[in-house]
Amino acid sequence: MSKELAVLVTVAAGGFVAAQAPANNVLSKSLGTFGAASVNFLIGTALILVLAFAFAGGFSGDEGAPTPPWYYWVIGGLGGVAIVVTTLIAVRELGAGGVAAAVIAGQLMFSVVLDRLGVLGLDERAVTWEKVLGIALLAAGTVLIVRE
C-alpha cells in the first residue's frame, strides 16, 4: 500500500470512528455504559473473526517469531476499552468533534513520546521543532473546538 493510500484509508476510518462515540452513547441509554461497550466489542470481535478467516486465512504470524512479552497481549485490549468507554461518556459533554479532537491530540502527543523512546517495537525517531509545533497547533485546535 502506498503512503498516500494509507493516509486516505486511515482518514476514512477516522471518519467512521467519529460516529462510534455518539452511537455508543445512544446504546448506553438502553444498555448502560458497560453494556454499550460490550456490544461494541462483541460486534467488533465477530467482524474481525469473519474478516480474518474469510480473507486472511485465519491467524498466522511470521513462522519462528518469538512470543512477545505479556504486556503486548494486554495493551491493545486495555486501549480499546479505555477509548470506547471514555469516548462514549465524554461525547455527552464534548460532542463528537470535541471527542475526536481530544483523542487525536492525546494520540499524537503520546505517539511522539513513544517514537522518541523507540519502545513497543518502534524505531526511535527524533522530536523535532516541527513535531512540537504540530502538537502545539493540535492542542490549540482542541481547545478551540471544545470551548463554547
Check your understanding: Given side chains that start at C-beta, do those of Val84 and Phe34 come closer than 4.5 Å, heavy atoms only?
Key -> no
Check your understanding: What are the two closest non-hydrogen atoms of Val91 and Ala96, and how far apart are they?
Key -> CG2-N, 3.7 Å
Study note, to complete from the structure: Nearest heavy-atom approach of Ala101 to Ile145 is CB-CD1, 4.0 Å
Point to revise | Pairwise distance CD1(Ile75) to CH2(Trp70) - rounded to 0.5 angstrom | key: 7.5 Å
Point to revise | Straight-line distance of Leu133 CG to Trp129 CH2, nearest 0.5 Å | key: 6.0 Å
Check your understanding: Given side chains that start at C-beta, do those of Tyr72 and Leu120 come closer than 4.5 Å, heavy atoms only?
Key -> yes
Study note, to complete from the structure: Taken to the nearest 0.5 Å, the spacing of Arg92 CZ from Thr87 OG1 works out to 10.0 Å
Practice item. Report yes if the side chains of Leu78 and Tyr71 come closer than 4.5 Å at any heavy-atom pair, otherwise no. Key: no
Review point. For atom CD of Glu124, is the number of surrounding heavy atoms from other residues, nucleotides or ligands below 6.0 Å larger than 12?
Key: yes
Practice item. For Glu130, check side chain to side chain donor-acceptor pair (under 3.5 Å) against everything at least two apart and list the hits. Key: Thr128
**Study point:** Value rounded to 0.5 Å, distance of CG in Leu27 from OG1 in Thr33
**Key:** 11.0 Å
Check your understanding: To the nearest 0.5 Å, what is the distance between CG (Asn40) and CD1 (Ile43)?
Key -> 9.0 Å
Review point. For the residue pair Val85 and Ala37, what are the closest heavy atoms and their distance?
Key: CG2-CB, 3.8 Å
